Structures are given as structure tokens and as C-alpha cells.
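A short write-up of the structure that comes next.
Both backbone and side-chain heavy atoms feed into the values below; hydrogens, waters and symmetry mates do not. Chain letters run A, B, ... following the sequence lines, proteins first and then strands; every chain starts at 1. Computed from a prediction, not measured in an experiment: that's the story for all the values here.
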Protein chains: 2
Amino acid sequence: MNDVARLAGVSGQTVSRVTNGSQSVLPETRRRVIDAMDALGYSPNSAARALRSGTFDTIGVIAHKLARTGESRTVEAVVEAARDRGHTVTLIDVDSPSTARLTEAATRLSRQAIDGLVIIRAEVREAARLTLPRDLPVVVSDSVFMGRLPAVSTDQEGGTRAVVEHLLELGHPTVHHIAGPSDSLPARVRRLAWEQNLRARGRTVPEVIQGDWTSESGYAAGARIAADPSVTAVFCANDEMAAGLLVALHERSVDVPGDVSVAGFDDVPLARFLWPPLTTVRQSFDVIGRRLVDTLMDQIRDGGTVSSYRQLVPADLIVRASTGAHRPRR
Amino acid sequence: MNDVARLAGVSGQTVSRVTNGSQSVLPETRRRVIDAMDALGYSPNSAARALRSGTFDTIGVIAHKLARTGESRTVEAVVEAARDRGHTVTLIDVDSPSTARLTEAATRLSRQAIDGLVIIRAEVREAARLTLPRDLPVVVSDSVFMGRLPAVSTDQEGGTRAVVEHLLELGHPTVHHIAGPSDSLPARVRRLAWEQNLRARGRTVPEVIQGDWTSESGYAAGARIAADPSVTAVFCANDEMAAGLLVALHERSVDVPGDVSVAGFDDVPLARFLWPPLTTVRQSFDVIGRRLVDTLMDQIRDGGTVSSYRQLVPADLIVRASTGAHRPRR
DNA sequence: TGCGGGGATGTTGACGTCAACATCGCGGAG
DNA sequence: CTCCGCGATGTTGACGTCAACATCCCCGCA
């Protein structure tokens, strides 16, 4: 900055004023300063700026498995919303539940240059042990931290109810369920809601089929389902597992939706292009991302005051061709 | 820090030594300092640290559409690799090609607290106008910056050749192509390689069908392809478009691969679970991500010296059920 | 002609950390 | 008994920026 000031024949303060768009700089002076900046390839040092101002204009995002649909779409929305608010996003991943990794994440976090933190689906139970720096504004989505920290999340119960009701209305005596891994909070919530809805309508609750979010696990479940003619409707806890199930059923010539109706959860972009197009529940990741940032920004601005501890974003049932009227198999 | 020092009855410097794990601190002193830190909830100020050390332990990532398969998987790999090297990742998105957005990105970039920059698929031509801060180590992948900057990218030519050869060996007289958007570099490269391979084998080069990466565009292309019995093999520039095409063909009772063979590119996780399972080219995003970080770190360490300007990561053909022997239609 | 006022620019110091250097105290060798 | 050396700890200043305050100059009005 001093070099620029010298070259432009002004003081450092004037350079600072130009950088920050202050009004009280003569156009002629401004010109000289900008020329000097270009000539020297100057760009302001953000560390010094942050040190001086005490703010980083950056928010941290803790995500679990970034490439997974929900995560990547939420992160994308968070990045966009943050950018609109003049902030950048720093990514911190806590993929492995090992204590070493967690300690590392905590350390990294505590020295990180962030004004606030968004925790997206830190699902693993061990993550709950993560010590958060005091006074750091935080918002969470679908994580074990829910309840303890302000949260924005999908209305899992509502979405699940919509699927189950839809399938029962089609005449199916009951609905089977391929669940997500039990250490995942959304998986547990969806499973619980499925069970409660069946009970509330006096239907028998079939044994849960345990999956792990991957298509492979849905595919594996398909073998059992194809062999059991009592199964006529399956609600999969996410679209990937539903895709695996569909393929397994095709391979065994079980017709969808003629023999078995299949529904998913998430509405991944490809859901409409599976065969048959998948009935599923759409999560509005963009809305969630935006709300997360809004909520966080409110906290940052108000110095940690939390307005709402629980925001639900509705999840809509999208009916496509993979679900149809009940027809006994065999 | 001063508060901690006072409480522990030491100087600030000793606190600093404890923070950074210096050897020359008596265990007893260290204990006192750590207790004081805990009591006060102290964590070091990263801005001051960065200001002092001149390094941020952070790399920036410019991505285009984060939620898209290639991007999110590459970013995930970059984040992991960076973490292993003790660095964090800051995300900067340049989704829109408008000049305003670019200026904004440039500004944001110039004041960003990063030690290096990874540019992932900044495809839009206008992005080339982005002014990068001088002396900032940079690596790119699949972007318009290739050639000008050190790059790590998928062997698009090799992957494309493998698909085209595979389809020709199955007896198809030629291969049609649904291309990605023309402002995307990988899309242009794949299209060109497809054309060259057909020519090299003396096959007629059919008119290109223009897509835009989305499944919807593949679906739209499906109407034309279903109606044209001369089409027996289609190479789609990505898996999403292939998925759209498959659905369009099913709806019109065109058998895959009986009537038409379909191949994609990317090997998204769901590719194996489309119907029929999709023949495609696997991109090793994890390898690319890791190499990007390695290359960038080398530059950061050596003060900007670039060893290699072009690293190619092989792309392997994955043959599944969506491609089969040629059989004339109708 | 002198004085007040306001806009443009300059000067100073502080943000929190850490490298470099200074100091202190203790034990062992001569 | 003295002095040297070394390990533990303390002191100082600088990193780059910007808020607050100081200064300067020019203009208009009495």
C-alpha cells in the first residue's frame, strides 16, 4: 500500500479511501491512485483488513460427504446466498468419525477465519462431541446438533406422511421401507414418521429393510423384495436406494408400478429420468441454503441473538410413474 | 492472548509458544497456560496470524455450477486433499457470465485470503477475461484457461475414442452424438474427438444434436432419435443427457440396446442404476482433485515455479448393458 | 481584507501474533 | 568459588489496514 501511495504521490490513507470507495477523494486523485495500483499489481491484504475490522466476511460450512446430492445442493445454495450477502464460504469436512479427525476439525475450526458456521448434516453421533468456539454464531441443518442450536431443515415428517398417504390411497395394504443408516438423523426421522403413519392408520408395520443411502444397498434389498409377493409398495429413504431397487426389480421382471410401487425421497435431478420416472419427495435445498445463511447473518449482525430455533421447509410429494394402484402379486 | 498470559502469569510470547507446540516450555508452565486458555475460551486470531506469517493455509476454488456431478466430486476431492495438506478451502462461484458478476468475482478474489487458486471448469468464454492477481499460484481443470495456466484434466480424447471404438466394434455403421453446450470446453473437446475418430475410420459424420448437459435436453433429443431409424448408436456427452434419452426411447418403445445403443460420459453414481445400466466413461474426479492440490502446493512451496503445464488423467470405458451389437431398425 | 467553514488529504496508533533478540537463573566445570 | 553455557521465559517491534483526529487550502461573505 505504501508503494502505491508513493507512486501516486498521496498518503496510504488515501489509497485506503480509494479501495473502499470513499466519496471524499478528488476524481483526479482517485485516477492516479488506481493507475498506481494497476501498475504495481496491488491488492489489499485481507489479513490486515480482517485484523483491523475484526470481521472476515466469510462463513464456514461443515459438511459430511460433499458429493452427495443433498449436501452439494445445499452447499451450492449456501454459497450463492452468502455471495449475495457479500460473504465467502470456507469448507470444512468432517467425513470420518474418528476422534483424531474431530480434534483436528475442532482445532482447524477454532483458528479458522470465519464469522459464523453452518453445519450441514453432521450426522455421525460422535460429531456431537465437537467443541464449538464460544460466541461463534452457528446454524445447523439435519444434524445431531438439532435442538441444541438454531436449525433450518426439511419437514421430514410432512414429506414422509405425504408418501405414505399417497401409497395407502392407491390401495396398498401397507408400505415397506428401506431405511437410511441408523446413525443418520434424517434417516431415523423418516423411518419413525413412516412407522407412526402406518400405525395411525391401523396398518401392520413391516420389518424395516436396512440400507445405507447407496444405490447398491437398494439393489441388494431388491432381491428380498422381488421374492416376497406380499410387498406391493416400498418407500425408500432416498432416491439413490430407490434407483437400485428399480434395477433389481427389472432384472427379476417384477413390474413397476404394476407389481410393486416404489417411491423415493429427495427428488434428485435424475429421479425424473429413472425408469419408470420416480415418485418422490422434493427437498427444497435452495430454500434451506438461503434460510441457513439468512439465519446466520441475523445472528452475526445482532451479536448472537437467535430468533428462531426451528425452521421447517416444506417437502412436496412429486407423483410420477413409479407408483400406481394396488394389485395383488402372483 | 494478553488475558490468558496474565491469568497464567506468563508473557504473551509463552502463550504463543504453547499454541504452536514449541518444545521449550516447561510442562508445568504449559499446563497453566492451557488451563487459562480453557478458562477464558481463548482461540488464536487467525487474521493476526495470517498477517504476521503472510500465509493463510487456505486455497480458493472457483467452480461453476457446484451441484453438478463433476464439480461436486472434484471439489470434494480437492477439499480432502487440501485438508490432508493442512489447508482449508474457500469457495468462490462464478456461475453467471455477466460482466458485473465477473468484476465482482475478481474483486472478491483479489481481496481473498488465499495462498493459491484452483479453477474448476470455468467454462464460459467470458471467464477468460477474469483478471487474476499476480503471483497467485493457480491450477485449472477443464477450463478456458487451459494452455495459459498449469492444468490437470481428464483425457477427454482418450475417453471419447474408447466409446466411439466400442460402438463401431459392435457393428454400428456410425455413431450419433448429443453434444454439451458449445461454450463448454469439455463439450467442445468431446465433440471434436468424436468427429475425428469417425473420420479416421472413414465413417460418415452425422449432424450433431445440440444438448446443454441437462437430462431434459437429452429427453428432447430422444424424440428425433426415436423417429429416425438410421440412428442405432448414440454417444451422449454426459450421463444426464443419456438418462433423458433413455427415458424418451422407452416412452416410444424403442429398445435399448436392441434398437439403439446409448453411451454416456462421467460415470455418475446412478449410471449403473439407470435402465438399462449405462455404458459410460469413468472420470476419476478424485484423482483430478488430488493432483490439482498437489500441483498447487508445489507451486506455493516453490514460489510459483510450475513443473508441468498439462497433466492428463485417464478415463476408462465402463461397458454396461445400454450398448449392444448393431441390428438394423425397422 | 479577514474570517469562518467545509472538503480533501495527511498523521498516528492500534488490532493480535510471532520472530528475533534480551534476560534470567541454574548447574557443572575449572 | 567463579564463570560459562544453556534452557526457559520476557521484551520489542513489525506485519498492512483503517478509524479518528489533525491539517491544509480554497471559497464566499462580511
Side-chain angles (χ1 to χ4, degrees), chain A residues 1-37 40-58 86 107-115 133-136, chain B residues 1-37 40-58 86 107-115 133-136:
Chain A
M1 183 161 102
N2 273 327
D3 298 339
V4 173
R6 206 171 308 123
L7 182 58
V10 297
S11 75
Q13 181 56 220
T14 300
V15 176
S16 167
R17 277 191 261 260
V18 170
T19 310
N20 297 301
S22 157
Q23 289 310 309
S24 49
V25 177
L26 248 34
E28 137 77 10
T29 310
R30 182 187 307 276
R31 189 69 256 150
R32 279 213 319 282
V33 172
I34 290 177
D35 289 346
M37 284 178 174
L40 268 45
Y42 163 85
S43 62
N45 178 311
S46 56
R49 173 188 296 259
L51 176 59
R52 186 81 232 292
S53 68
T55 184
F56 300 94
D57 291 347
T58 296
T107 311
R108 153 163 266 102
L109 201 57
S110 72
R111 5 184 102 182
Q112 212 38 253
I114 53 176
D115 299 320
R134 313 179 184 187
D135 304 327
L136 184 68
Chain B
M1 182 160 105
N2 274 326
D3 298 339
V4 173
R6 205 171 308 123
L7 182 59
V10 298
S11 74
Q13 182 56 218
T14 300
V15 175
S16 167
R17 277 191 261 261
V18 170
T19 311
N20 297 301
S22 156
Q23 290 310 309
S24 49
V25 177
L26 247 35
E28 137 77 10
T29 310
R30 182 186 307 275
R31 191 67 257 150
R32 280 212 320 280
V33 173
I34 290 177
D35 288 347
M37 284 179 175
L40 268 47
Y42 163 86
S43 62
N45 178 310
S46 56
R49 174 188 296 258
L51 176 59
R52 187 80 231 294
S53 68
T55 185
F56 301 93
D57 291 346
T58 295
T107 311
R108 153 164 265 100
L109 201 57
S110 71
R111 4 185 102 182
Q112 212 38 253
I114 54 177
D115 299 321
R134 314 180 182 185
D135 303 329
L136 183 68

Subject >> Close residues, residues 3-16 of chain B, relative to DNA chain D [heavy-atom separation under 4.0 Å] >> reply: G9(B), V10(B), S11(B), Q13(B), T14(B)
Subject >> Sorted by number, the residues of residues 25-35 of chain B with heavy-atom contact under 4.0 Å to DNA chain D >> reply: V25(B), L26(B), T29(B)
Where [X] and [Y] come nearest, the two heavy atoms and their spacing:
{"X": "D115(A)", "Y": "F56(A)", "result": "OD1-N, 2.9 Å"}
{"X": "G86(A)", "Y": "D57(A)", "result": "O-CB, 3.9 Å"}
{"X": "A5(B)", "Y": "S11(B)", "result": "CB-C, 3.7 Å"}
{"X": "A48(B)", "Y": "L51(A)", "result": "CB-CD1, 3.8 Å"}
{"X": "V15(B)", "Y": "V10(B)", "result": "CG2-CG2, 4.1 Å"}

Original post:
What about R52(B), does its side chain sit under 3.5 Å from the base of dG16(D) through a donor-acceptor pair?
Top reply: no
Measure from [atom1] on [X] to [atom2] on [N] and round the result to the nearest Å.
{"X": "D57(B)", "N": "dC18(C)", "atom1": "CG", "atom2": "P", "answer": "12 Å"}
{"X": "L51(A)", "N": "dC15(D)", "atom1": "CG", "atom2": "P", "answer": "13 Å"}
{"X": "Q23(B)", "N": "dC6(D)", "atom1": "CD", "atom2": "P", "answer": "18 Å"}
{"X": "N20(A)", "N": "dA8(C)", "atom1": "CG", "atom2": "P", "answer": "17 Å"}
{"X": "N45(B)", "N": "dT17(C)", "atom1": "CG", "atom2": "C1'", "answer": "8 Å"}

Original post:
Hey, is D3(B) close enough to R6(B) for a salt bridge, meaning N to O under 4.0 Å?
Top reply: yes
Original post:
Taking for each residue the nucleotide of DNA chain D bearing the nearest heavy atom, is the 5' side occupied by R17(B) or by M1(A)?
Top reply: R17(B)
Original post:
Partners of L26(B) by side-chain contact (heavy atoms from CB on, under 4.5 Å), sequence neighbours excluded?
Top reply: T29(B)
Subject >> Within-4.5 Å side-chain heavy-atom neighbours: R32(A) and T14(A) >> reply: no
Original post:
Does a side-chain heavy-atom distance below 4.5 Å link M37(B) with V18(B)?
Top reply: yes
**OP:** Look at the side-chain N and O atoms of N2(B) and state whether any lies under 4.0 Å from the OP1 or OP2 oxygen of dG16(C).
**Re:** no
